[in-house]
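Convention: sequence-line order gives letters A, B, ...; per-chain numbering from 1. Small disclaimer: the values here were computed from a predicted structure and weren't measured.
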Amino acid sequence: MDYEFQKIEKKWQDKWAADKTFKVGVDPSRPKYYVLDMFPYPSGAGLHVGHPLGYIASDIFSRYKRLKGFNVLHPMGYDAFGLPAEQYAIQTGQHPEITTHKNVARYRAQMDRIGFSYDWDREFRTSDPSYFKWTQWAFLKMFGSWYDKKLDKARPVEELVKAFAEGGSAAVDAASSDAPVFTAAEWNAFSDKEKSDILMHYRLAYQGETFVNWCPQLGTVLANDEVKEGYSVRGGFPVEQKKMTQWQLRVSAYAGRLLEALDRLDWSDSLKEMQRNWIGRSEGAEMVFKVRNGSAEYDMTIFTTRADTVFGVTFMVLAPESEWVEKLTAPEQKEAVEAYLAEVKKKTERERIAGKTVSGVFTGSYGINPLTGKEVPVWISEYVLAGYGTGAIMAVPAHDSRDYAFARKFGLPVIPLIEGADVREESFDAKEGIMMNSGFLNGLTVKEAIPAAIEYIEAHGIGRRKVNYKIRDAIFSRQRYWGEPFPIYYKDGIPTPLPEEALPLTLPEVDEFRPTEAGDPPLARAKDWTYDGYPLETSTMPGFAGSSAYYLRYMDPRNDGALVSPEADAYWRNVDLYIGGTEHATGHLIYSRFWNKVLFDLGYVCEDEPFLKLVNQGMIQGRSNFVYRIVGTNTFVSLGLKDQYKTTEIHVDISLVHNDRLDTEAFKAWRPDFADAEFILENGEYICGWAIEKMSKSMFNVVNPDTVCDTYGADTLRLYEMFLGPLEQSKPWNTKGIDGVNRFLKKFWRLFWDRDRFLVNDEEPTRAELKALHTLIAKEQEDIENFSFNTTVSAFMIALSELGECSKRAILEPLTILLSPFAPHIAEELWEQLGHTGSVAFAAYPAYNAAYTVEETCTYPVSFNGKTRFMADLPKSLSKEEVEAAVRAMDQTAKYVGDGTIVKVIVVPGRIVNIVVK
RNA sequence: GCGGGUGUGUUGGAAUUGGUAGACAACCCAGACUUAGGAUCUGGUGCCGCAAGGCGUAUGGGUUCGAGUCCCUUCACCCGCACCA
């Protein structure tokens, strides 16, 4: 019998599906293990070979854990709401639901061919009403909660209302955004609308006015992580800053907990570091400066991490968007300020980032240094950001490079505060040195001066210690159609939550998917978009809403009465292993952690962190090919000759190219405009250029896993993707090495079959064969636990070559089990042929027996006259005396005879003995 | 600018974590079996050298009996953040 992978793979995939082999349930008699992939957004392009990389790794791990006796939850689904389907809908009029449906079917078919051990009964889409019911439910929970800083957790808004009624705003210490101050009596006298407005400053999901990333082309606002360098991540359209009222999530309330819990997670350092930077904790002080505009005087608070430098303040700066600008603009400067603000507003975000030019304008007002009493001018400049700190700073040009650049440009004084710091050419930003010109701080080091200054400020009522975070609240509304509708309606202008019974609130039909002429979101086109006679919210939730708690839903996906039942939650708890790309570091992975913590605080889930271990698989890049067209002609010149002409580089489909040689006839047939192409060849061939690039349709370098499954089979694809290199590394796809793993599988098959003869016998294995087997068992366990799948595949190949043509059942049976996580189809087939009826997926993992692998002898490095030589085959664990004796014996026969005196014998822990002979 | 990471044959990548560098593959070469082979099997394959031997893990130094591995210098590349006071 030959290894007919197509037949075998089809057979077992059908069987797994029919038998629901990988269906799991709560089973307290067995330990659980939860392995999750970042579920895909089903795009129109289908899967390429890069997508399954992480899925294969997680599948191997799941199957390995199953063999180890764990009850493994391994689900899959689709992140189905999102922009591309909607953009497509706007262009074609096709409902995004239909597009999504089609794409999902394609994804599923592609995944099914690779033989994943998902429990498909748990599959869902985030666009299913039965799923997004719980997204909306979670939103209502956040809407109905506030963050109590005293208890450091979220609590129901009812408790907040009660506290206000009894003690006014002073009764709570809450995370809030510019909440007004009021007494209990005032609270009780407020109208419903006023109360609602005030509560908005406290709710975890709230409506608030803020600067947002507005993308005109997409017609929607975007979250910070959806914007890169002033352009939208989806689509690459310019994004501008605009002040708008939007739904937001109070992620900032959780900044401290999100940061602190990172230490307990088994994530890569780089990913944790990215989250740390994003959260951006910085310790410093808030300080009050008196500011004067003519006769009007105010207290203005600023934030600084360098309280030690107050004596060097020579001016102050406001962000252009700061509310202080209006108050502090003196009449004589009004015109100049307005001109400046207009100029700033005109610039796009892109220009602000790229330009980094120093600009600013004087307000005409002055601030008073609280320590020196000196007056300093207040300026406005775009280098101060409205969203961070208080939007106003004290400037210390001597010790801050940005302040320095500003001072030099506008001729403001620079006062050095650190002994020996030369500030003639540049500022001295380092936090080191001895203080001077600084009153009571003189003589202290900077490190001592910072806390000393803060202490002084606090003691004198000028300011207080303060921790600031960069992380902003997440903008949660999108002016889009294809997302979860908000379960909110406007009762007499008051945003009111729908009752839970009204969920899910499903999307209405609309005649078109673009905004209305009035600029309202597409939902405003719906005929009767009301609840109880009142208008419903017309924006929808962003892409990350649906992915924020999907891992919880997988635990209990068909439950209609709860996001997840307490039993299922208590059993599955959280994700033990999460595999996915780094691109979600500051988006999904922050939002999910936030979302989970809210649900944890409110008592709906039992763990406060969702993902214990996280592995980032690297990207698989494509290898693109190019042809070179001579400008203005339809003549193409081969790579080696292209420098003699003026050419443009054109991507060519890699299926028309073999070993960088172009099939010119196929090229002509590829596209009508190339039909009459002519070629300038070298040595009779057209050689293409190449580059490693992102795999994408537009670069014609996409490799479809289906093609690989057709030619080599899913098992080869799985093994090969792992063999390609370390999981976490990015690497280009090339099929050069794929024959190697394919050969391995064929050889493996031939241990069982010679033509039509089944070779497996019951002979006793030799010691060498047992050694090969047990070495592999040890190696595979170690490597899989360390996610070093590439070396495991190598270990299989080594074992195979050591086993020769061994066809003994006692060896092949465990070998089949060991192989099953990597190449499950062939393993199932051979397992059946070995006479087993159950699936190999649930066989017991072979026990490792050290007796077969531990070396009786080992090699000792011995150093003679500065040269290290190795003495082979000495017994293990020698005593010092025995080693000395052995060395003396060696010394007489070896060529490098010293004077024979042993000066030092070092026995390193383990088995390395280090000997120095003089 | 700040932060994180990487650098090993022609190529993908190994190296018991300080112990015979280049495992396992790909490529290439030679051979065997074949009508044939893009099938299968065997052998070779870091560089220089006929050889003995020497040289080799981006660069230069250091620690050590011993360094791909640890420390410092320089260079190159990749990723993330980017006026966060």
Side-chain angles (χ1 to χ4, degrees), chain A residues 228-229 268-278 280-282 284-285 302-307 309 316-317 319 352-353 355-358 381-385 387-396 399-403 405-406 429 468-472 582-583 585-586 616 618-619 659 719-720 723-726 728-741 743-744 746-747 750 778-779 782 788 790-801 855 858-872 903-904 906 908 910-918:
Chain A
K228 281 248 154 71
E229 294 176 359
S268 73
D269 287 339
S270 69
L271 192 69
K272 285 191 197 178
E273 205 51 37
M274 267 191 238
Q275 290 214 340
R276 287 196 190 102
N277 290 340
W278 190 260
R281 180 191 150 96
S282 73
I302 58 96
F303 174 76
T304 179
T305 54
R306 293 295 301 273
T309 60
M316 302 183 76
V317 189
R352 277 181 83 156
I353 292 166
K356 270 195 189 176
T357 48
V358 181
S381 173
E382 55 181 332
Y383 84 88
V384 174
L385 306 176
Y388 184 75
T390 62
I393 62 153
M394 64 178 210
V396 185
H399 302 292
D400 181 290
S401 47
R402 295 154 302 178
D403 297 345
F406 195 82
D429 291 17
N468 243 329
Y469 295 96
K470 276 198 280 193
I471 195 168
R472 314 287 166 81
T582 0
E583 66 271 22
T586 53
N616 291 120
M619 276 225 291
N659 289 331
L719 274 169
Y720 185 59
F723 188 64
L724 216 47
E728 310 205 45
Q729 212 168 81
S730 285
K731 55 234 160 187
W733 176 263
N734 77 51
T735 29
K736 269 188 174 176
I738 201 165
D739 290 315
V741 290
R743 249 172 242 154
F744 162 77
K746 287 185 197 160
K747 277 187 215 164
R750 282 202 300 271
K779 178 80 175 154
E782 195 194 320
S788 179
N790 55 330
T791 52
T792 320
V793 180
S794 297
F796 269 105
M797 294 175 175
I798 294 168
L800 207 59
S801 73
E855 305 268 351
C858 65
T859 305
Y860 290 84
V862 178
S863 180
F864 295 95
N865 297 334
K867 291 189 172 189
T868 302
R869 288 293 177 270
F870 285 79
M871 300 169 62
V903 293
K904 198 162 64 167
I906 310 156
V908 179
R911 50 184 214 224
I912 304 305
V913 181
N914 211 344
I915 302 149
V916 185
V917 182
K918 256 218 168 125

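- As a whole-Å value, the separation of Arg472(A) CZ from rC81(B) C1' is 13 Å.
- Picking from rG13(B), rA85(B), rA15(B) the nucleotide with the shortest atom distance to the side chain of Thr791(A) gives rA15(B).
- Distance check, rounded to the nearest 0.5 Å: CG of Asn790(A) to CD of Gln729(A) gives 8.5 Å.
- Residue Phe723(A) places its side chain closer to rG12(B) than to any other of rA39(B), rG12(B), rA85(B).
- Here Gln275(A) does not reach the OP1 or OP2 of rG80(B): none of its side-chain N or O atoms lies under 4.0 Å away.
- Of the listed nucleotides (rA25(B), rG13(B), rU40(B)), rU40(B) has the atom at the smallest distance from the side chain of Lys746(A).
- For the pair Asp269(A) CG and rU6(B) P, the interatomic distance rounds to 11 Å; values are reported in whole Å.
- Across the C1' atoms, rC50(B) and rC41(B) are found 32 Å apart, a figure rounded to whole Å.
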For RNA chain B, the expected dot-bracket line (Watson-Crick or G-U under 3.5 Å, [ ] crossing, | inter-strand) is (((((((..(((......[....))).(((((.......))))).(((....)))..(.(((..]....))).))))))))....

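- The shortest distance between the side-chain N/O atoms of Arg276(A) and the OP1/OP2 oxygens of rC81(B) is not below 4.0 Å.
- Going from the P atom of rG43(B) to that of rU8(B) covers 30 Å, rounded to whole Å.
- When the P atom is used for both rU11(B) and rC27(B), the distance is 15 Å, rounded to whole Å.
- Across all strands, Arg750(A) comes closer than 4.0 Å only to sugar-phosphate atoms, never to a base (heavy-atom distances).
- Considering only side-chain atoms of Ile393(A), the nucleotide from rG4(B), rG13(B), rA85(B) that sits closest is rA85(B).
- Distance Lys470(A) NZ to rC81(B) C1': 6 Å, rounded to the nearest Å.
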- Message: Run Val741(A) and Met797(A) through side chain to side chain contact (heavy atoms under 4.5 Å, CB included) and show every step you take.
- Response: CA-CA 9 Å; Val741(A) 290; Met797(A) 294 175 175; 3.5 Å; yes

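- Listed nucleotides rU40(B), rC24(B), rG3(B) differ in distance to Asn277(A); the shortest reach to its side chain belongs to rG3(B).
- In terms of heavy atoms, Lys779(A) sits closest to Ala795(A) at CG-CB, 3.5 Å.
- Comparing Glu273(A) and Thr304(A), the nucleotide of RNA chain B nearest to each residue sits closer to the 5' end for Glu273(A).
- Ile302(A) CD1 to Ile393(A) CD1: the interatomic distance, rounded to the nearest 0.5 Å, is 8.5 Å.
- Interatomic distance, CD1 of Ile471(A) versus CG of Asn277(A), reported as 11.5 Å (0.5 Å rounding).
- As rounded to the nearest Å, rU35(B) and rA30(B) have C1' atoms that lie 23 Å from one another.
- In this structure, Pro726(A) reaches the sugar-phosphate backbone alone: every heavy-atom distance under 4.0 Å involves primed, P, OP1 or OP2 atoms, never a base.
- Ring orientation note: the planes of Tyr720(A) and Trp733(A) are nearly perpendicular, at an angle over 60° on the 30°/60° scale.
- For the C1' atoms, the distance linking rA23(B) with rG12(B) amounts to 13 Å, nearest Å.
- Rounded to whole Å, the separation between the C1' atoms of rG46(B) and rG62(B) comes to 27 Å.
- Among the nucleotides rA85(B), rG13(B), rG4(B), the one closest to the side chain of Gln729(A) is rG13(B).
- Annotation: rU64(B) and rA82(B) have their P atoms spaced 46 Å apart (nearest Å).
- Contact annotation: Asn734(A) does not reach the phosphate of rG12(B) (side-chain N/O to OP1 or OP2, under 4.0 Å).
- Of all nucleotides listed (rA85(B), rU40(B), rA15(B)), rU40(B) comes nearest to the side chain of Arg743(A).
- When rounded to the nearest whole Å, the span between CD1 of Ile738(A) and P of rC27(B) equals 12 Å.
- Between atom NZ of residue Lys272(A) and atom CD of residue Gln275(A) there is a gap of 10.0 Å, rounded to the nearest 0.5 Å.
- rU57(B): glycosidic angle beyond 90° from 0, hence anti.
- Contact between the side-chain N/O atoms of Tyr383(A) and the OP1/OP2 oxygens of rA85(B) is not found at any separation under 4.0 Å.
- Listed nucleotides rG3(B), rC41(B), rA85(B) differ in distance to Lys747(A); the shortest reach to its side chain belongs to rC41(B).
- Ser401(A) and Asp429(A) share a donor-acceptor pair across their side chains, judged by distance under 3.5 Å alone.
- Atom-to-atom, CD of Glu782(A) to P of rU17(B) comes out at 9 Å; the value is rounded to the nearest Å.
- Of the candidate nucleotides rU40(B), rA23(B), rA85(B), rA23(B) has the atom nearest to the side chain of Ile798(A).
- Between Met274(A) atom CE and rG3(B) atom P there is a gap of 16 Å when expressed in whole angstrom units.
- As rounded to whole Å, 19 Å separates atom P of rC24(B) from atom CG of Leu724(A).
- Residues Tyr383(A) and Asp403(A) are in side-chain contact: their nearest non-hydrogen atoms beyond the backbone lie under 4.5 Å apart.
- Proximity of Ser730(A) to the phosphate of rC79(B): no side-chain N or O atom is located under 4.0 Å from OP1 or OP2.
- The residue among Gly725(A) and Arg306(A) whose nearest nucleotide of RNA chain B lies closer to the 5′ end is Gly725(A).
- The glycosidic torsion of rG68(B) lies more than 90° away from 0, placing the base in the anti range.
- Candidate nucleotides rA23(B), rA39(B), rA14(B) were compared by shortest atom distance to the side chain of Ser794(A), and rA23(B) ranks first.
- The minimum heavy-atom distance between Ala585(A) and Leu271(A), with the atom names listed, is CB-CD1, 3.3 Å.
- Taking atom C1' in both rG7(B) and rA58(B), the straight-line distance is 6 Å, to the nearest Å.
- Between Lys731(A) atom NZ and rC77(B) atom P the separation is 23 Å, expressed in whole Å.
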